[in-house]
Amino acid sequence: MSRLSAESVTLAYDGRVIAEDLSVAVPDNSFTVIVGPNACGKSTLLRALSRMLKPRAGSVLLDGAAIGSYPARKVARTLGLLPQSSVAPDGITVADLVARGRHPHQGLLRQWSPEDERIVQESMAATGVAALADRYVDELSGGQRQRVWIAMALAQRTPLLLLDEPTTFLDIQHQIEILDLCAELHENQGRTLVAVLHDLNHAARYATHLIAMRDGRVVAEGAPGDIVTAELVERVFGLRCQVIDDPQTGTPLVVPAARRVSTGVRVSTGVTGSSAAAARPAGPPSA
Amino acid sequence: MLVDTSPQTSNAPRTAAAPEAVPRGRGARRLAGLVVSTGVLLLVVVASLAVGAKQIPVDQVWHGLFHYTGADADVVVRDVRVPRTALGLLVGAGLGLAGTVMQALTRNPLADPGLFGINAGAAAAVVSGVSFLGVTSLTGYVWFAFLGAAAVSVVVYALGGSRGATPVRLALAGTAVTAALNGYVYAVQLMDTAALDRMRFWTVGSLASANATVVRQVAPFVVAGIVLALLLARPLNAMALGDDQARALGTRLTATRVLALLTVTLLCGAATAACGPVVFVGLMVPHVVRSFTGPDLRWVLPYAAVLAPVLLLGSDIAGRILTRPSELQVGIVTALIGGPVFIHLVRRRRMAQL
Amino acid sequence: MNTTDSRPAVRALRTRGGLSIRFAPRAVLVAALLLAAALAASVALIGTGDYPMTFADVLRTLTGGGTEAQEFIVHDLRLPRVLVGLLVGTALGLAGAVFQSVSRNPLGSPDVIGLGQGSSVGALTVIVLFHGDPAAVAAGAVAGGLLSGAAIYALAWQRGVHGYRFVLVGIAMSAVLVAVIGYLLTKANLTDAARATVWMVGSLNGRDWSQVWPLLGVCAVLVPAVLGHGRSLRMLEMGDDSAYALGVPVERTRLVTTGAAVLLTAVATAAAGPISFVALAAPQLARRLTRSPGPNLTAAASTGAALLVGADWAAQRLFGADQLPVGALTGMLGGCYLLWLLHTERRAGRV
């Protein structure tokens, strides 16, 4: 079953076609992650799914009808999006920003119900920013700010939530923090999440459904454990690698092939020391 | 900051730090181009002498210049057209070089003396002089214009800041200064109708009132400015790479900045005093020049000195022809050409700061 | 009806039927105080002039209890001037707030981007080329403002607004328009030139009921229309994608509000000339006074009204009746304010 799907869409920016005849279905109650090399069309696909980009051909369906046929506000009550770039207005506090997520549920004479208030509090609590409620968004660190934006998207209370590279520009510990948060939202609140991620190992660890794209086409799709193989990684990213089990979770872990096996690895940082550690730069932290 | 940085910053390392690496053929081509440009300038000068409310054939122009007999045409050529053309040459070269130096100094491809409020500073100072001190002669105008230009260039540069100055910041600081000063100019003109009458022709930017005295008064300043600008080519080339890099290459930053501001003030002050504020010449010429010389200021500056007068005199001639028998002031023609060029530049560039 | 306290800065007013209104007490208080200030300045302004009147006299006359002379002075001479001032200030403050919000830049206001210059070109064309009467001049100003607004919109919008591009295109437009103004001034005879210069400074001198009615009509339609879009505008400040994701019809909001703002500016300019910097300064002042983010439309509008009437009153008191047009004062003050804004924003590292 799938509430959100793209049916053979052609996606283009100003005449530059990114993807043609692309079909994707987002399984309900999944944490779907889209991966692929730069410019493979993964963000474009997410923009189309969230109706930011109108497909040139084909259609994006939400609950069986073209997404463009619903009023903007109605879609906003079903489907939330965390865009890559958002601007925090000058001098806005965390609580105010999160409260703006309630916009699709409000009206001129129904501006701030007790329910709004409760949901905003809950969203802030869920993302761990409740203590920051009265701080200005400008003063927060990158990781805190991203959590505030996620809180805003949560306050929208949509069964479907789309996230466009939510971990970009964050430190590694904040990346994991955000992804853990997404996994919680998916498991505890039963929401359907769709995220574009850069890091294949993050995707393999957190996704319940993985979509691998290249050149505007879906190369493989399914549970990470079923589809992430050395052969797939080479086909999608052009990277020779070995796939092993993640010692923490048992999900697939992609280890890029060393330039020279065993003794040949030159350790330039001198910090890690062992060649095995240096050859595994993209692995998740072990704790 | 601009993402697709202008050629002066992206290509500068190659040409500025290692000029020997430039292929020999390019140098020859640049030299040839400069010769051709000078030829074009000569043609425009001749046209400027010949075209106007009264058309004078080229042989008559020659006659007027070298075999002066006092005939009507000779008088027009000697007393009207020659000073006008000479002033056009001086003002054009001055504005073109001032724009080039400003763009290099601020690393800002949108720099223009007019947009940055320097002309407005000169105008406000001149208005004060005319209205409060009863200045009527151009000799007086010049000093006031210098004062105003200098004050504004310091203020705008300080506000735009050398550190973290973005094209947008400087343009906005210029707009703010211009707006404040225009309010003042209007207020003075309102209180003093005589000043309005004298000023309303001056504030448009026109070469029409040129005479030999004006040319003689302005020439020393412009010439001094031109020499200074050409001398600054090398240190400004180094500064195009960034302050730290320039310092590493042995450039004295403060001295260069002060001299560059002095140059801009001399050139803009003199040009503005002589013919009123003319916008966009300083903006357009360096862009055109850079498109075929590359970013090396040692070439850009001489080219600008030759081609800016071509643009100014060309605009002046166009102004004389378009609405004959009356004239369209040169400042209006350059604004009408320059506005669209500026908008094109803004639209073409992707601003990271948007 | 009961009020609940969510956090100190924001309160909500709720009815039993499930209706609720959210407000920041400080913003409401500030708007009320500004409105009071604007009204007080209005009464003071009515009392100022060659025939001074006390506060009490003015109030008595306004409520129909003055002498015949007072009646004439207040109703026929000074009241229309004050009403024009209030309406123009409101319109400019509101239009400025919309522009700054849509371009996401405090400098994207109508006076920086050349709308005033566009209106000036329209008005000067009528004055200089057709020697038109004041009504024709006003029509010319409206036409000029609308045309330049449309031109800037068309030139600056490439797949969405980009604040700085919008501002820079506007600056170029205004440079071109200034050249055209200069040309028209040189074409004029001295009388027309003086009339044009007076018009271009922006003034409330000698405004009568014929200026009030059209202005009032336009404001009555457009001010509520813009205020109604306030919530959507607030969402727009977070970026097109975020606003869209929250269900805001982005393009429609932008088109409707900027269209209304251009019209408000043009009509205000037609009534009083291009009074500079009210549109720039009012929203900024309002934001600092209310200390709340977002366009603050109501506060900006009341700040505009208070600012303009207050400036006119100050100009009259400081320089004598009808000596210095209010536009010259706001221009100089506004320019300095703009420089200060740039200075502080540089320190904050924003621009």
Side-chain angles (χ1 to χ4, degrees), chain A residues 13-14 47 50-53 70-93 95-97 99-118 120-121 133-134 136-138 149 152-153 155-156 158 161-162 164, chain C residues 2 4-15 17-24 100-101 104-106 158-159 163 227-253 284 287-288 290-296 345 348-350:
Chain A
Y13 285 118
D14 291 341
R47 287 182 68 80
S50 60
R51 91 215 132 110
M52 298 292 137
L53 180 72
Y70 295 100
R73 187 177 287 259
K74 180 144 196 261
V75 177
R77 281 185 226 135
T78 313
L79 182 149
L81 170 76
L82 182 73
Q84 233 178 70
S85 59
S86 307
V87 192
D90 276 348
I92 192 168
T93 61
D96 273 338
L97 188 67
R100 290 189 176 190
R102 296 302 297 158
H103 182 263
H105 303 276
Q106 296 167 336
L108 201 57
L109 291 174
R110 203 188 153 284
Q111 296 184 348
W112 195 235
S113 66
E115 193 196 357
D116 290 336
E117 210 165 303
R118 185 176 53 80
V120 167
Q121 294 295 345
D134 291 324
Y136 289 107
V137 176
D138 316 340
W149 283 108
M152 190 192 92
Q156 213 173 322
T158 53
L161 181 57
L162 276 50
D164 195 356
Chain C
N2 66 328
T4 30
D5 205 349
S6 62
R7 288 184 312 103
V10 178
R11 277 158 185 272
L13 198 64
R14 295 184 182 129
T15 65
L19 300 182
S20 57
I21 286 180
R22 189 169 195 249
F23 64 96
Q100 295 180 12
S101 169
R104 298 190 193 107
N105 188 324
Q158 288 173 321
R159 275 210 289 140
L227 290 180
H229 279 84
R231 282 157 28 85
S232 302
L233 263 184
R234 187 141 35 98
M235 296 295 139
L236 223 55
E237 286 192 334
M238 294 189 291
D240 289 3
D241 285 358
S242 293
Y244 204 38
L246 289 172
V248 174
V250 171
E251 280 306 323
R252 202 190 68 202
T253 304
Q284 293 295 316
R287 214 186 73 201
R288 281 165 180 74
T290 56
R291 292 203 200 134
S292 63
N296 287 315
E345 295 222 335
R350 267 213 198 97

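Here is how names work: the chains are called A, B, and so on, in the same order as the sequence lines, proteins then strands, and each is numbered from 1.
Inter-residue side-chain proximity for A:Leu97 and C:Met238 is flagged as met; some heavy-atom pair is nearer than 4.5 Å. Counting only heavy atoms from C-beta outward, the side chains of A:Trp149 and C:Ser242 approach each other to under 4.5 Å.
With a threshold of 4.5 angstrom between heavy atoms, A:Leu162 does not approach chain C through any atom at all. Looking at A:Pro71, there are no atoms closer than 4.5 Å to chain C (heavy atoms on both sides), in backbone or side chain. For a residue to count as touching a neighbouring chain, one of its non-hydrogen atoms must lie under 4.5 Å from one of that chain's; by this rule A:Ala153 does not touch chain C.
By number of non-hydrogen pairs under 4.5 angstrom with chain C, the leading residue of A:Gln84, A:Arg77, A:Arg73, A:Arg100 is A:Arg100.
Partners of C:Asp241 by salt bridge (charged side-chain N to carboxylate O under 4.0 Å, His left out), not counting sequence neighbours, listed by chain and number: A:Arg47.
With hydrogens and angles ignored, the 3.5 Å screen pairs no side-chain donor or acceptor of A:Gln106 with any backbone N or O of A:Asp116.
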